[in-house]
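Beneath this line is the structure, given in structure tokens, with notes to follow.
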2 protein chains.
Amino acid sequence: MSDWEKNVRRVVPYVPGEQPAESNIIKLNTNENPYPPAPAVAEVIKNFDISLLRKYPAPDADVLIAGLSEYYGMPKDQIFVGVGSDDVLAMSFLTFFNSKKPILMADVTYSFYDVWAELFEIPYRRVLLNDDFHYNLSDYKTQNGGIVIANPNAPTALCEPQEFFDELLAANTESVVIIDEAYGDFYGKSTRELIAKYDNLLVVGTFSKSRSLAGSRIGFAFGSPKLISYLNDVKFSFNSYTMDALTLQIGAAALTAESGAYYRSTVEKIIATREDAKKRLAELGFVGTDSQTNFLFVSHKSIPAKTIFEKLKENKIFVRYFDKPRIDDYLRITIGTDEEMERMYRVLEEIGCSRS
Amino acid sequence: MSDWEKNVRRVVPYVPGEQPAESNIIKLNTNENPYPPAPAVAEVIKNFDISLLRKYPAPDADVLIAGLSEYYGMPKDQIFVGVGSDDVLAMSFLTFFNSKKPILMADVTYSFYDVWAELFEIPYRRVLLNDDFHYNLSDYKTQNGGIVIANPNAPTALCEPQEFFDELLAANTESVVIIDEAYGDFYGKSTRELIAKYDNLLVVGTFSKSRSLAGSRIGFAFGSPKLISYLNDVKFSFNSYTMDALTLQIGAAALTAESGAYYRSTVEKIIATREDAKKRLAELGFVGTDSQTNFLFVSHKSIPAKTIFEKLKENKIFVRYFDKPRIDDYLRITIGTDEEMERMYRVLEEIGCSRS
């Protein structure tokens with residue numbers, strides 16, 4: 001080892017789901033939306049004035065912030081944006097989690113949370129979910145340096161009710177509470193109404209799922225003006241311009257009233273396919289959680305999840321398998337188009353999945 | 001102060017140059033390129049397949065890395081990319097500067113370096129440049145936790161010769177040395193050849209200046225495979241996908257042989273305008289450094305820099321003024337088009353700038 005290597009930060013990075021280059025794959029492994037972005041997004045790209053690119057983008061990301069403000073009825077000074085919700089969450093961990101007390105996260109949740117904690121050397125504690133993969137509120141009524149909860153949770157696909165969060169926040173005024181609502185639009189409820197009541201609540205969202213823009217990397221967060229101001233100070237100490245000029249316009253185009261109606265219709269289609277998938281997979285011998293997201297979290301009665309994962313892959317159907325405690329017999333299956341799902345049911349049948 | 005605020009990271013962010021929304025301004029304040037991006041960039045945007053956006057971008061940023069590899073003749077595993085060179089530098093500080101010994105930076109240099117050091121709580125020491133704003137090599141032959149040098153330096157617009165860096169690196173094998181070559185294409189030389197000799201050298205570049213793509217946020221770095229691998233581990237622990245799908249294609253389009261020829265011609269135009277500007281400003285009573293960049297660093301013989309800055313602004317010409325020790329009587333003036341520069345000379349004359 002060279003001398004300079006002693007000063008290197010050593011980390012074990014998060015591993016995202018595979019992004020195969022081939023196009024003949026049914027890709028149900030990264031919770032992407034099977035439908036294309038809103039037509040207004042295509043328009044804004046086609047009509048983009050390329051000469052704008054020679055200049056730096058607006059550092060305040062105003063066109064995107066204004067779009068979010070209008071769409072969600074949230075004042076501009078309560079909105080933060082970043083390069084996907086991962087960037088928003090990373091900046092938030094760096095900004096808010098600087099206590100010597102551990103931050104709290106579920107043992108089964110988005111597996112990037114502990115990666116950020118390790119990266120920034122934030123003490124953390126994994127709190128066990130109940131056997132049904134729901135949260136136990138009393139576990140969060142304890143001294144902590146912060147709390148991060150995904151709602152709906154991933155990969156469990158389950159939600160906690162609004163009262164859970166109200167009580168959680170009432171009990172936690174001494175640390176920042178982050179609610180990650182990446183899949184919120186498939187559930188239909190948000191904790192953002194609680195921001196008026198709790199100035200330490202940060203609610204995070206993304207354009208990657210319900211807005212079909214995973215490729216554009218747009219994330220956002222809502223919080224009290226004070227919380228957002230601290231977050232911006234850290235962000236502007238990291239990179240003055242995180243959002244490029246074209247992406248800002250893409251994001252704004254995805255927020256018009258017309259785009260909103262388009263996305264709500266695709267979310268409805270995905271939910272219809274999901275509800276059908278619950279029945280179809282039950283018929284094939286799967287059990288799983290009652291998903292409120294754009295993916296299913298299922299286990300088969302007789303065939304190990306890893307085996308199914310591998311056999312699906314041989315058939316060019318990619319789903320997600322996590323080789324982790326408690327969930328190593330589960331698959332996370334993104335809801336695709338009806339055609340993609342039909343193909344998957346057929347393959348599952350072929351590889352021996354059945355009710356009996 | 002609320003209880004949760006005690007755990008907030010408090011920082012004083014970097015303040016970028018103004019990005020006024022009005023279009024009737026001559027903007028010579030952020031070292032942007034006055035010429036539009038290469039035609040291939042417009043093509044790639046116009047022909048972009050919007051359906052790609054529903055999927056996550058390639059996490060390995062391959063199309064951009066491949067373009068850089070081809071253009072610079074650097075193996076792919078020695079290339080890192082980020083959201084502008086600011087993102088690359090921020091990730092590098094986080095990855096490599098984890099010693100208890102201070103990192104070294106010049107007292108007059110890119111003013112984001114100390115902001116990153118403060119953000120990540122990295123001890124640092126500002127080393128005084130000589131009176132002529134050049135580096136004194138012996139100052140860097142001392143124990144340190146890392147070194148960051150901009151070459152050409154900003155805002156001084158000055159370079160150190162290759163031998164300086166060879167000797168600097170020979171004397172510093174125990175820490176990582178970052179050479180920030182944001183303005184390197186206007187100077188024409190790079191330290192990247194030294195990477196074969198020193199596995200602790202990271203050379204950083206950007207598409208914002210010579211490639212007219214400040215609005216796209218594309219930065220890159222070259223280093224030994226080991227250095228790049230550590231940097232990627234940290235990057236993948238922060239955000240799996242920092243580069244969006246469209247920006248990856250824009251970056252690749254800016255790296256074709258044809259785009260290369262286009263950019264070299266605009267760099268030559270800027271250099272010609274710069275050399276002319278040195279004479280014209282001397283005639284107006286300015287003294288300054290012998291710039292090797294796309295900006296000038298000048299001081300007037302009789303009128304305070306701040307006064308000129310304000311009067312230019314009243315005339316809708318924005319230049320950059322830094323209210324900082326040693327440089328508070330200097331202006332940093334980006335090289336614009338010949339027409340923009342002529343307009344500035346006229347205004348400077350009107351506000352009383354003259355040789356006598």
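Lettering follows sequence order; numbering is per chain, from 1.
- Taking the six-membered ring for Trp and the full ring otherwise, the centers of A/F238 and B/F238 sit less than 6.0 Å from each other.
- Heavy-atom pairs under 4.5 Å with chain A were tallied for B/G145, B/A245, B/S99; the largest tally goes to B/S99.
- Interface remark: B/R10 contributes side-chain atoms only to the contact with chain A (heavy atom separation under 4.5 Å).
- Here A/L94 is the residue among A/L94, A/N33, A/L52, A/T242 with the most heavy-atom pairs under 4.5 Å with chain B.
- Heavy atoms closer than 4.5 Å to chain A are found nowhere in B/K100, neither backbone nor side chain.
- When all heavy atoms are compared, the tightest approach of B/S208 to B/R217 is OG-NH1, 3.9 Å.
- When the candidates A/V234, A/N172, A/D199 are compared by the number of heavy-atom contacts under 4.5 Å with chain B, A/D199 comes out ahead.
- Chain B forms more heavy-atom pairs under 4.5 Å with one residue of A/Y230, A/W116, A/F96 than with any other, namely A/Y230.
- Between the side chains of B/D86 and B/Y14, no donor-acceptor pair is found at a separation under 3.5 Å.
- There is no contact between B/L231 and chain A, counting heavy-atom distances below 4.5 Å.
- In summary, the aromatic rings of B/Y241 and B/Y56 are positioned with their centroids under 6.0 Å apart.
- Ranking B/P59, B/A42, B/G84, B/S212 against chain A, the residue ahead of the rest is B/S212, based on heavy-atom pairs under 4.5 Å.
- Ring geometry, A/F93 versus A/Y113: the interplanar angle falls under 30°, so the pair is classed parallel (tilted spans 30 to 60°).
- Ring-centre distance between A/F236 and B/F112: not below the 6.0 Å cut-off.
- When ring centroids are compared, B/Y35 and B/Y263 stay outside the 6.0 Å threshold.
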### Task
Assess whether side-chain contact (heavy atoms from CB on, under 4.5 Å) is satisfied between B/I218 and B/M243, documenting all intermediate values.
CA-CA 8 Å; B/I218 305 174; B/M243 311 300 291; 4.2 Å; yes
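- Top candidate by heavy-atom pairs under 4.5 Å with chain B, chosen from A/K226, A/K27, A/K6, A/M91, is A/K226.
- For chain A, the nearby part of B/I250 is the side chain; its heavy atoms alone come within less than 4.5 Å.
- Heavy atoms closer than 4.5 Å to chain A are found in the backbone of B/A38, but not in its side chain.
- The main-chain N or O of B/P225 is never found under 3.5 Å from a side-chain atom of B/S229 such that the two would form a donor-acceptor pair.
- Your options are B/D60, B/V12, B/L89, B/L227, and the one with the most heavy-atom pairs under 4.5 Å with chain A is B/L227.
- Of the listed residues (B/G82, B/A90, B/G146, B/A58), the greatest number of heavy-atom pairs within a distance under 4.5 Å of chain A belongs to B/A90.
- A salt bridge links B/R9 and B/E121; the closest N-O separation between the charged side-chain nitrogens and carboxylate oxygens is under 4.0 Å.
- Among B/N47, B/V15, B/T30, B/L248, the residue making the largest number of heavy-atom pairs under 4.5 Å with chain A is B/T30.
- When heavy atoms are compared at a cutoff of 4.5 Å, B/F120 approaches chain A solely by way of its side chain, counted from C-beta outward.
- Between chain B and the options A/S175, A/P36, A/S51, A/P57, heavy-atom pairs under 4.5 Å are most frequent for A/P57.
- Proximity to chain A is limited to the side chain of B/L119, based on heavy atoms less than 4.5 angstrom apart.
- In terms of heavy-atom pairs under 4.5 Å with chain B, the best-connected choice from A/E118, A/K209, A/R54 is A/R54.
- Cation-pi check for B/K235 over B/F80 is not met; the charged atom does not lie both under 6.0 angstrom from the ring centroid and within 45 degrees of its normal.
- Judged purely by distance below 3.5 Å, without hydrogens or angles, the side chains of A/N31 and A/T334 pair a donor atom with an acceptor atom.
- With a 4.5 angstrom heavy-atom cutoff, B/T247 touches chain A only via side-chain atoms.
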